[in-house]
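Here's the structure we're looking at; comments come further down.
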Amino acid sequence: MYELIGVTKRYQRGQERVDALAGVDLTLAQGDRLVIQGPTGGGKSTLLQMLGGLDRPTSGRVLLDGTDLAGLSERRLTAVRGRTIGFVFQSFNLIPTLTAQENVETALVPLGVRPSERRGRAVEALESVGLGARLGHLPSELSGGQQQRVAIARALVKRPKVLLADEPTGNLDESMRDEIVDLLEGLWKEHGLTFVLVTHDSAIARRAPRLATIRKGRITIEERRPVSAPDPVEA
Ligand SMILES: Nc1ncnc2c1ncn2[C@@H]1O[C@H](COP(=O)(O)OP(=O)(O)OP(=O)(O)O)[C@@H](O)[C@H]1O
Ligand SMILES: [Mg+2]
């Protein structure tokens with residue numbers, strides 16, 4: 001699904017240079033889940049932007065199903081983002097004057113989905129995140145956890161293949177954090193998504209089967225096997 005080869009990202013501001021990514025190689029199969037952690041400024045969000053085609057690498061290749069995102073025109077990149085990739089961020093980025101349902105529907109407008117189908121799919125997506133009873137609420141009438149659920153519904157209503165989440169629980173208290181992570185994990189399994197989650201939450205990182213750490217633009221990946229019980233000894 002994804003293959004990143006020698007991806008670098010250099011930000012240059014006047015004399016000052018930051019190598020946000022310093023040569024990242026990464027392969028993800030459809031349905032994989034990768035948790036990314038690392039110190040602030042390490043390059044986590046920059047990597048997510050590369051995966052999501054929100055920005056282009058300075059060098060290297062970002063292959064998504066064999067297509068190099070770095071080589072696509074802005075128009076084709078926007079189309080790939082719209083159809084294939086769902087994003088969830090720390091800030092919910094909901095439109096304050098629109099209801100939950102309207103916020104979710106906005107994701108389908110650029111895809112040319114008819115209004116009646118938009119409504120149906122938005123309702124379905126909100127039901128799948130447990131907000132079927134809050135369709136007509138404005139963001140200001142929802143709790144933080146509920147607002148993040150709307151943002152998740154907005155990401156999933158497009159039926160993407162990839163879900164990229166950048167500290168989705170960063171603005172939530174502890175009890176809501178677990179709820180949102182459980183929800184995301186459930187959706188990942190249910191929809192067979194490729195799921196990349198950036199988090200500072202060490203409890204989430206601890207139980208991740210595949211954990212990436214990004215420091216100073218370099219990635220290391222740790223594969224962990226679940227600790228299984230020893231084979232029963234035959235009598
Ligand atoms: N648009 C930009 N212009 C210049 N420098 C940038 C830009 N975006 C990011 N950087 C720099 O690139 C480095 C990596 O930033 P990035 O946002 O990827 O870190 P992060 O790992 O997501 O950190 P955090 O945990 O704080 O979110 C940082 O040193 C940052 O200052
Ligand atoms: Mg970040």
Side-chain angles (χ1 to χ4, degrees), residues 2-28 32-64 68-72 74 77-78 80-81 85-94 144-145 147-148 151-152 154-155 160 162-174 176-178 180-181 183-185 188 193-208 210-222:
Y2 271 113
E3 194 177 358
L4 275 61
I5 307 163
V7 171
T8 72
K9 181 69 185 181
R10 171 171 288 178
Y11 292 109
Q12 182 114 32
R13 294 174 58 89
Q15 297 286 34
E16 199 191 338
R17 233 192 226 172
V18 179
D19 286 310
L21 296 176
V24 169
D25 299 312
L26 176 66
T27 305
L28 293 173
D32 271 0
R33 181 181 63 149
L34 180 69
V35 173
I36 302 179
Q37 62 166 20
T40 180
K44 303 181 296 295
S45 296
T46 305
L47 177 62
L48 235 58
Q49 284 177 345
M50 299 299 142
L51 292 171
L54 289 169
D55 202 351
R56 292 171 199 275
T58 305
S59 65
R61 292 166 23 108
V62 181
L63 301 173
L64 173 56
D68 190 356
L69 296 184
L72 292 184
E74 205 48 52
L77 203 52
T78 305
V80 170
R81 274 200 304 266
I85 302 168
F87 295 94
V88 180
F89 299 99
Q90 178 170 352
S91 52
F92 318 129
N93 302 322
L94 301 177
Q147 289 181 56
Q148 190 60 303
I152 293 167
R154 181 183 54 191
V162 179
L163 181 63
L164 304 176
D166 196 349
E167 297 186 45
T169 59
N171 279 344
L172 303 174
D173 69 31
E174 215 167 308
M176 275 200 235
R177 254 183 253 163
D178 291 345
I180 292 291
V181 169
L183 172 67
L184 287 169
E185 287 190 354
W188 159 67
L193 298 162
T194 303
F195 178 29
V196 182
L197 171 67
V198 171
T199 183
H200 278 126
D201 191 327
S202 49
I204 299 170
R206 254 199 309 276
R207 61 176 202 239
R210 198 166 175 223
L211 179 66
T213 305
I214 302 187
R215 273 196 193 87
K216 296 183 177 162
R218 296 186 184 278
I219 192 169
T220 48
I221 296 184
E222 209 183 313

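For reference, positions follow the sequence shown, starting with 1. As the structure lists them, so they are numbered: ligands from 1, and atoms in each ligand from 1.
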Task: Closer than 4.0 Å: a protein non-hydrogen atom to atom 31 (O) of ligand 1 - done: no

Open item on the list: Going by a strict under-4.0 Å cutoff (protein heavy atoms only), does atom 14 (C) of ligand 1 have a neighbour on the protein?
Closed with: yes

Task: Over 12 foreign heavy atoms within 6.0 Å of CZ, Arg215 - done: no

Task: Contact (N/O only, under 3.5 Å) between Gly43 and ligand 1 - done: yes

TODO: Answer yes or no: are there more than 12 heavy-atom neighbours, outside Gln12 itself, under 6.0 Å from its atom CD?
DONE: yes

Open item on the list: Would you say that Gln148 contacts Pro168 through its side chain, given a criterion of any heavy-atom pair below 4.5 Å between the two side chains?
Closed with: yes

Open item on the list: Side chains of Asn93 and Ser91: any donor to acceptor distance under 3.5 Å?
Closed with: yes

Open item on the list: Can a donor-acceptor pair be found, under 3.5 Å and without considering hydrogens, that links the side chain of Tyr2 to the backbone of Leu51?
Closed with: yes

TODO: Report the nearest protein non-hydrogen atom to atom 6 (C) of ligand 1: residue, atom name, distance rounded to 0.1 Å.
DONE: Tyr11 CD1, 3.2 Å

TODO: Compute the minimum heavy-atom distance from Glu167 to ligand 1 and say whether it is under 4.0 Å.
DONE: yes

Task: For Val18, atoms of ligand 1 separated by under 4.0 Å from a heavy atom - done: 11 (C), 12 (O), 13 (C), 29 (O)

Open item on the list: Please determine whether the number of non-hydrogen atoms from other residues, nucleotides or ligands lying under 6.0 Å from atom CZ of Arg218 exceeds 12.
Closed with: no

Open item on the list: Could you identify the single nearest non-hydrogen protein atom to atom 17 (O) of ligand 1 and state the distance to 0.1 Å?
Closed with: Ser45 CB, 3.7 Å

Task: Sub-4.5 Å side-chain heavy-atom contact between Val196 and Ile36 - done: yes

Task: Contacting atoms of ligand 1, where contact means under 4.0 angstrom from a heavy atom of Thr40 - done: 23 (O), 24 (P), 25 (O), 26 (O)

TODO: Indicate yes or no for a side-chain donor-acceptor contact from Arg61 to the backbone of Ile5 under 3.5 Å, with no hydrogens or angles considered.
DONE: no

TODO: Answer yes or no for Ser45: is there an N/O/S atom below the 2.8 Å cut-off from the Mg ion (ligand 2)?
DONE: yes

Open item on the list: So is His200 touching ligand 1 or not, going by heavy atoms under 4.0 Å?
Closed with: yes

Task: Proximal ligand 1 atoms for Ala20, defined as those under 4.0 Å from one of its heavy atoms - done: 12 (O), 13 (C), 14 (C)

- [ ] Run down the list Ile36, Leu47, Thr46, Asp166 and name the one with the heavy atom closest to atom 16 (P) of ligand 1.
- [x] Thr46

Open item on the list: A side-chain contact here means heavy atoms from C-beta on lying under 4.5 Å apart; do Arg33 and Glu185 qualify?
Closed with: yes

Open item on the list: Which residue and atom name correspond to the protein heavy atom nearest atom 28 (C) of ligand 1, and how close is it?
Closed with: Gly41 O, 3.7 Å

- [ ] Write out the residue and atom name of the closest protein heavy atom to atom 25 (O) of ligand 1, then the distance separating them to 0.1 Å.
- [x] Lys44 NZ, 2.7 Å

